[in-house]
Each structure stands twice: as C-alpha cells, then as structure tokens.
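Step one of this worksheet: look at the structure below.
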Amino acid sequence: MGLIINLSVALIALLQGASAIWPIPTSYEHGESVLFIAEDVSFHWTDTDELYDKNVQKTFQRRFAQDDQWWWASGNVSLKDGQGVTGQEIQDYAIKQTHRTIFQKSFVPWKFHERGWKEPDCKGATYIESIYLELQREEKEEEAVKTRVGDVDESYRLSLTEDGKATIRANSSVGIARGLNTFTQLFFKHTGGGAYTPWAPVEIYDAPVFQHRGLNMDVARQWFPVADIKRMIDAAAYNKMNRFHLHVTDSQSWPLEIPSLPDLAEKGAYRPDLVYSVDDFNEIQRHAAIQGVELITEIDMPGHTSSIWFSRPELIAAYNIQPDWNTYAAEPPSGTLKLNSSEVDDFLETLLDDLILRISPYSTHFHTGGDEVNRNAYELDDTVRSKEYSVLQPLMQKFIHRNHDQVRRLGLTPIVWEEMLLEWNLTLGKDVIVQSWRSDEALAQIVARGHKALAGNYKYWYLDCGKGQWLDFDPSVAADHWPYNDYCAPFHNWRLIYSYDPLAGIPSSHQHLVIGGEAHMWSEQTDPVNLDRMVWPRAAAVAEILWSGAKDKEGRNRSQIEASPRLSEMRERLVAMGVGAEPIQMPYCLMEGTQCQLGYKP
Ligand SMILES: *[C@@H]1O[C@H](CO)[C@@H](O)[C@H](O)[C@H]1NC(C)=O
Ligand SMILES: *[C@@H]1O[C@H](CO)[C@@H](O)[C@H](O)[C@H]1NC(C)=O
Ligand SMILES: *[C@@H]1O[C@H](CO)[C@@H](O)[C@H](O)[C@H]1NC(C)=O
Ligand SMILES: *[C@@H]1O[C@H](CO)[C@@H](O)[C@H](O)[C@H]1NC(C)=O
Ligand SMILES: *[C@@H]1O[C@H](CO)[C@@H](O)[C@H](O)[C@H]1NC(C)=O
C-alpha cells in the first residue's frame with residue numbers, strides 16, 4: 001500500500017496538484033501510486049441473479065448494436081415512448097459514459113502542476129483491467145424506473161487497489177452511477193495516449209447530505225434547443241445533482257406542445273417551430289432519468305401565464321397593460337389566469353391531464369408555480385373585479401386545491417413557490433413541497449409551518465444576477481435608475497454561492513424539513529450563446545453545498561482555498577465534456593499552490 005493521506009486533514013491539494021473530486025466525498029483516502037487504465041477495460045457486475053461480463057469494446061457493441069442505436073451515438077438517448085427507465089439502463093448508460101469520459105473527455109492536467117512537471121511514465125505501468133460493480137441488494141422494478149425523492153439510496157463505496165482492482169458497491173443503480181462518476185474524476189489524459197490515475201490506492205465512502213439537489217432552467221424567456229438542455233442535464237449529473245427543474249412556460253412564451261390544446265404552443269411560442277414537441281419533451285425527461293436525475297416540470301400559474309392569451313384570450317385578465325404594466329405584473333407582458341372562471345378550471349383539467357400522464361413515468365413531482373401573483377390584475381378580471389385580499393384569498397385557495405387535487409390524482413407530489421404559503425397564507429396539503437427564493441426568514445417560516453422546503457435564496461443562488469437591467473428607461477427617468485443595476489446585483493460569484501448554508505438560521509428541530517435546494521438560471525439575458533458560462537462552474541458550487549454540506553468534517557465553513565483547485569479541476573472536466581464553463585483562476589494560481597490567497601492559515 002502506498003502512502004495514505006487523509007485529504008480532510010492535510011491540505012495536500014495545495015502542494016501537489018488537486019486529488020480533486022467534486023463534490024467532495026464523505027470520506028476519501030488515497031495514495032500516490034500511478035495506475036493506467038486499459039482501453040478495453042471490462043465491466044463486471046453482479047446483479048441479483050446473474051454475473052454478467054461486459055466488455056465495453058466487444059460485448060456492448062454486440063449487445064446494443066441491433067436495437068439500441070444510442071449506445072454508440074454520442075449524446076443520443078433512445079426514444080422509448082414514455083416508459084421510464086430501468087436500473088439496468090441507468091447502469092448501462094453510466095458504464096458507457098464512464099468509458100467515454102475517461103478516454104475521450106479527459107484532459108492533461110498541466111495547470112495543476114509546477115512548471116517542468118513530467119507526466120508519469122507508461123513503461124512498465126500497472127493497468128486497471130476490470131471494474132467490478134456490485135449492487136448490494138435487489139432493486140425493485142418501481143424503484144429503478146423512477147428516481148423517487150429521498151427513496152433512492154445514492155451512497156456508494158469505491159475501492160481501487162494498488163494492483164488495479166476497482167470495485168464500486170451501492171444499494172441502487174443510481175448509486176452505482178454516482179460511484180462511476182467519481183471514478184472518472186480520478187483519471188487524467190496522457191499526452192502519449194491513454195489515461196491514468198496518480199492516486200492509487202483509493203478508498204471512498206460517499207453519500208449526499210441533501211436529497212434534492214437541483215438546477216432550475218428557464219426555457220420560456222429565451223428559446224434553447226434540446227441539445228442545450230441536455231448538455232445542462234449532463235453537467236448537473238456530473239456534479240451529482242439529481243433534480244432538473246424545467247421552468248418551461250412563462251408570460252413571454254409557451255414553448256411546450258400540448259396535443260390536446262395544440263394552439264397553446266402554435267400561437268404562444270415565439271415562433272411555431274420554437275416548440276418542444278411531445279418527442280422532444282420525452283427525450284429530455286429520459287435523458288435526465290437515465291442519469292439518475294428527475295426532471296421536474298413547472299407550469300407557473302396563475303401569474304406568469306400571459307402567453308396563454310395568444311390562444312385563449314378569454315382565460316387571461318389584465319393582458320399586456322401598457323405603459324404601466326408594472327402595476328399589474330413583475331415583468332411585461334402583464335396578465336394572469338382569471339381566478340373565478342370555470343373556463344379556466346376546464347382548461348387546467350385538460351392541460352394537466354395531458355401533460356402529467358407524460359411526466360409520471362419519469363418523475364414524482366409537478367411544480368404548479370405560484371410566485372409573484374399581482375393582486376391589482378384581478379381588478380381587471382371580469383370574474384372577480386377586486387384586488388382585496390379577503391376576496392381573492394379564498395379564490396386562490398380553491399385554485400390551488402383544484403390543481404393539487406388533480407396533481408395527486410395523477411400520482412405526483414405538488415411543489416409551489418413560497419408566496420402561496422407565506423403571502424397568500426393558503427392551506428396546503430402536508431405533502432406539498434414549498435420552494436423558497438426570497439429570504440432565509442422565508443425558508444425558516446416554511447419549515448416552522450411543517451412543510452418540506454427547498455432553499456435557493458436569490459441573494460446567493462440566482463445565477464442571472466449582476467447583468468444590469470434589461471428594461472429600457474426613458475431619458476426623463478433614466479437618471480433615477482443609473483447605473484442600471486438589476487434587482488439582485490451584483491453578480492453572484494462562486495465564492496458567494498459557496499458561502500451559502502441552507503441550514504443557517506434553521507433550528508435543528510426543523511432542519512430535516514429542508515430537503516435541499518436549487519440553483520436558478522432565469523434567462524431574460526441568457527440564451528444559447530452565453531448559457532454555459534452563466535451556469536458553469538457556478539452551479540457546481542451549489543452542487544457541492546447540497547451533496548457535501550456547507551460545513552466540513554470539523555464543522556467549520558468550507559474553505560475556498562481547499563475548494564478552489566478542485567473546482568478548477570471540475571471546470572477542466574466540464575470543458576472536456578463540451579461545456580463552455582468559465583475559468584475561476586489563472587493557471588499560475590493552480591500551478592503554484594497557495595500563492596493566490598489572503599489569510600491562509602495552514
Ligand atoms: C442523434 O440521433 C439523430 C436521429 O437518430 C441523428 O440524426 C443525430 O445525428 C444523432 N446525434 C448524435 C450526436 O449522434
Ligand atoms: C447500503 O445500505 C446499507 C444498509 O442500509 C448501509 O449500511 C450502507 O451504508 C449503504 N451504502 C453502501 C454504499 O453500502
Ligand atoms: C365568482 O363567480 C360566481 C359565478 O360566476 C359569482 O356568483 C361570484 O360572485 C364570483 N365571486 C366573486 C368573488 O366575484
Ligand atoms: C393565516 O392563516 C392562519 C390559519 O390558517 C391564521 O391563523 C392567520 O391569522 C392567517 N394570517 C394572515 C396574515 O391572514
Ligand atoms: C460561516 O458562514 C456563515 C454563513 O453561512 C457566516 O454567517 C459565518 O460568519 C461563517 N463563520 C465563520 C467562522 O466565518
């Protein structure tokens with residue numbers, strides 16, 4: 001056995017290149033022996049009844065060539081008409097990705113070594129020939145098919161011996177996938193060809209701190225091709241996130257095909273071709289599920305719905321009031337679903353029946369929105385004609401009950417934004433998860449009322465902040481708004497994001513109700529051109545807080561000095577995967593250990 005170094009005690013990463021795994025595992029010990037990995041490495045796994053021998057180069061090609069094109073098509077997942085995914089498929093996909101990541105999407109780590117560094121010599125090297133995957137208990141069909149909240153045990157043990165035997169043990173297929181993900185992060189590309197790890201032997205036990213670790217992507221303010229969404233899902237999964245929240249409709253556009261209401265997207269999308277078809281939507285959900293990521297779809301309502309007006313004007317009140325739209329909505333165009341209309345009820349019944357039946361093979365949640373509802377809009381609602389809280393509140397309660405009853409009837413658990421509970425004081429079912437965004441106090445109030453909550457304080461975890469205003473100001477008022485900062489400026493750099501502890505300020509008796517959180521990519525000023533760099537690597541900082549917790553083993557705030565070289569390495573891995581993630585430091589800082597710091601105390 002080589003020298004075993006406990007990373008959590010020694011800041012060894014600072015001295016000799018990062019032995020970087022992101023997010024940082026629960027426990028991680030490694031040595032300093034070099035092992036190469038054979039390109040025809042075989043994957044063996046014990047399933048409940050059989051021992052399969054799977055060789056990526058040969059067996060898989062034979063096994064998948066006929067019916068499953070996706071195996072060799074880069075980035076393509078088969079379209080299997082809404083059947084969900086099985087544990088076997090999750091493992092197959094993880095094996096394929098592992099091979100591809102190590103041999104095709106890796107990088108030469110010169111940035112993490114001093115000038116003059118030499119790569120390990122491959123002459124006479126020991127090779128890893130086999131990887132053993134052990135599913136430790138029988139996986140029930142329904143567990144594998146859906147990534148149920150909190151029900152999937154994502155923990156894994158990874159062991160790599162000095163003579164090249166790699167073993168990953170887990171209690172679920174998703175756990176195997178998480179372990180393989182970590183395994184890929186041990187390897188670097190060699191300029192002479194092939195890949196190696198300098199860290200053998202390795203022993204890791206790992207499990208997430210929070211059960212809901214998500215990225216929210218707004219695909220309504222701007223249009224994003226399916227490939228962009230899939231790339232975000234891949235990067236989120238590579239950071240061990242397990243939820244992808246698709247904010248799929250909003251006031252500005254309705255890009256989601258609903259076959260029973262075809263005009264919705266045909267008229268409500270920015271263009272009739274900028275629409276996620278039923279097949280697109282299925283493909284996105286499947287692409288997430290096969291990586292152990294649950295796609296959570298949000299139809300935000302009753303506010304944020306003006307795009308419905310293009311097909312069903314009779315359902316929307318206060319549509320596009322100008323010039324003072326801001327009396328009626330948070331953003332133009334103003335407009336809200338009418339609050340006392342049986343036509344709205346019928347519309348929602350049709351919409352949710354259609355949509356949720358296509359969601360339920362992949363997901364256990366449905367997000368019914370509920371943020372930023374503007375009461376003034378209901379003064380212009382011919383079914384209500386009032387902005388009084390006492391008039392509106394019971395109608396809102398009815399609206400939510402109707403929606404949530406339907407969501408439950410179709411087998412899913414509702415999620416809402418915090419305003420429904422805290423501003424409208426609605427009675428929500430005990431099952432409802434409340435997503436917080438406005439403050440830590442709000443998060444504390446949600447859990448104090450006994451609801452499960454998702455953290456995501458906008459002052460920390462909103463990725464859109466600091467770009468400046470997207471509104472144009474008339475010259476007569478422009479000076480009042482100078483220098484045109486946006487509502488959540490400044491830009492939230494990764495250190496700020498990383499400093500956020502979702503449990504700070506939550507009494508310990510309520511902490512179990514904070515089930516996780518999300519990073520949010522609102523897209524007013526983000527489109528396919530700048531998407532990657534707006535999200536990555538900053539969302540990775542959220543991913544580590546949610547997987548590993550905001551405090552280290554000694555209960556201290558996590559150190560930027562420890563995290564920074566690891567995050568830089570994750571950034572290089574994302575770039576190698578084809579994600580345009582920004583750098584966070586100069587190579588000089590990474591090459592020279594602790595030079596780029598202030599206040600370092602070894
Ligand atoms: C994905 O599949 C489609 C249709 O089968 C094909 O046209 C496309 O080239 C594939 N994409 C990649 C990246 O392999
Ligand atoms: C698997 O489940 C067992 C029993 O609940 C638990 O002790 C173990 O930590 C879990 N994870 C792994 C990787 O073994
Ligand atoms: C809601 O609509 C019903 C029937 O259309 C009407 O009788 C009732 O007064 C309305 N409620 C409010 C608060 O306007
Ligand atoms: C909210 O509702 C609770 C009971 O459901 C009530 O006690 C409380 O006074 C209400 N608060 C407001 C602001 O209406
Ligand atoms: C740790 O981080 C929290 C924010 O989560 C901050 O309030 C606190 O001051 C930090 N503690 C120390 C010792 O720096």
Side-chain angles (χ1 to χ4, degrees), residues 25-28 46 132-140 143 150-159 167-183 203-209 240 302 314-315 317 337-346 375 377-399 402 439-441 443-444 455-457 459-461 492 495-506 511 514 517 541-542 544-546 548-552 554-563 598-601:
T26 310
S27 91
Y28 174 22
T46 27
Y132 295 87
L133 308 178
E134 293 179 15
L135 197 54
Q136 300 182 129
R137 62 174 185 77
E138 196 170 347
E139 195 167 43
K140 294 191 202 79
E143 287 178 307
D151 286 358
V152 175
D153 179 345
E154 295 175 278
S155 68
Y156 65 90
R157 267 177 213 289
L158 188 163
S159 138
T167 311
I168 292 165
R169 296 183 180 86
N171 294 321
S172 73
S173 299
V174 176
I176 296 280
R178 302 284 180 254
L180 283 169
N181 166 340
T182 294
F183 186 72
E203 284 293 339
I204 291 173
Y205 171 78
D206 201 7
V209 169
K240 297 192 176 76
E314 73 279 12
L315 305 181
L337 281 171
K338 292 180 182 176
L339 210 51
N340 184 27
S341 152
S342 57
E343 279 180 294
V344 167
D345 291 348
D346 294 345
R375 284 199 267 138
Y378 297 111
E379 219 166 21
L380 307 181
D381 176 349
D382 57 12
T383 69
V384 184
R385 297 227 175 269
S386 172
K387 60 175 182 182
E388 293 309 315
Y389 176 81
S390 58
V391 175
L392 298 177
Q393 202 270 0
L395 294 171
M396 189 67 84
Q397 181 71 66
K398 243 177 90 185
F399 180 82
R402 201 219 66 80
S439 67
D440 288 353
E441 294 69 35
L443 185 67
N457 188 326
K459 291 182 176 154
Y460 296 88
W461 285 5
H492 299 352
R495 295 171 208 283
L496 181 70
I497 290 171
Y498 196 68
S499 73
Y500 181 61
D501 181 355
L503 298 180
I506 307 290
Q511 289 188 355
V514 179
V542 174
E544 176 153 298
I545 295 298
L546 291 173
S548 316
K551 305 267 193 273
D552 66 16
E554 286 72 40
R556 296 174 307 216
N557 291 347
R558 290 196 179 278
S559 161
Q560 293 168 24
I561 295 177
E562 187 280 327
L598 275 175
Y600 176 53
K601 291 187 188 67

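In listed order, ligands and their atoms are each counted from 1.
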### Part of Tyr156 within contact of ligand 2 (heavy atoms, under 4.0 Å)
backbone
### Query
Which protein non-hydrogen atom lies closest to atom 13 (C) of ligand 3, naming both residue and atom, and how far is it?
Val391 CG1, 3.7 Å
#### Entry: Distance-only polar pair, side chains of Lys240 and Thr182, donor-acceptor under 3.5 Å
yes
### Query
Just checking, is any N or O donor in the side chain of Arg495 or Gln560 under 3.5 Å from an acceptor N or O on the other one?
yes
### Query
Under the 4.0 Å line, does any protein heavy atom show up next to atom 2 (O) of ligand 3?
yes
### Structural part of Gln136 in contact with ligand 2, heavy atom criterion under 4.0 angstrom
side chain
### Query
Which ligand 2 atoms does Arg157 reach within 4.0 Å, using its non-hydrogen atoms?
13 (C)
### Task
Answer whether the closest heavy-atom distance between the side chains of Val391 and Val384 falls below 4.5 Å.
yes
### Task
Return the residue, atom name and 0.1 Å-rounded distance of the protein heavy atom closest to atom 6 (C) of ligand 3.
Asn340 ND2, 4.2 Å
### Query
Heavy-atom distance under 4.5 Å between the side chains of Ser27 and Ile204, does that happen here?
no
### Query
Looking at side-chain heavy atoms only, is the closest gap between Pro25 and Tyr205 below 4.5 Å?
no
### Query
Quick one: are Tyr460 and Pro502 in side-chain contact, heavy atoms under 4.5 Å?
no
### Task
Could you tell me whether atom 9 (O) of ligand 3 has at least one protein heavy atom nearer than 4.0 Å?
no
### Query
For atom 4 (C) of ligand 5, which candidate among Gly505, Ala504, Ser499 holds the nearest heavy atom?
Ser499
### Message
What I'd like to find out is whether the side chain of Tyr132 reaches to under 4.5 Å of the side chain of Ser159, using heavy atoms alone.
### Response
no
### Task
Could you verify whether a donor N or O on one side chain and an acceptor N or O on the other, from Ser172 and Asp153, lie under 3.5 Å apart?
no
### Query
By number and element, which atoms of ligand 5 are closer than 4.0 Å to a non-hydrogen atom of Asn557?
1 (C), 2 (O), 3 (C), 8 (C), 10 (C), 11 (N), 12 (C), 14 (O)
### Summary
Quick note on ligand 2: atoms under 4.0 Å from a heavy atom of Arg169 include exactly 13 (C)
### Query
For ligand 3, is any non-hydrogen atom under 4.0 Å from Thr383's backbone (N, CA, C, O), its side chain (CB onward), both, or neither?
backbone
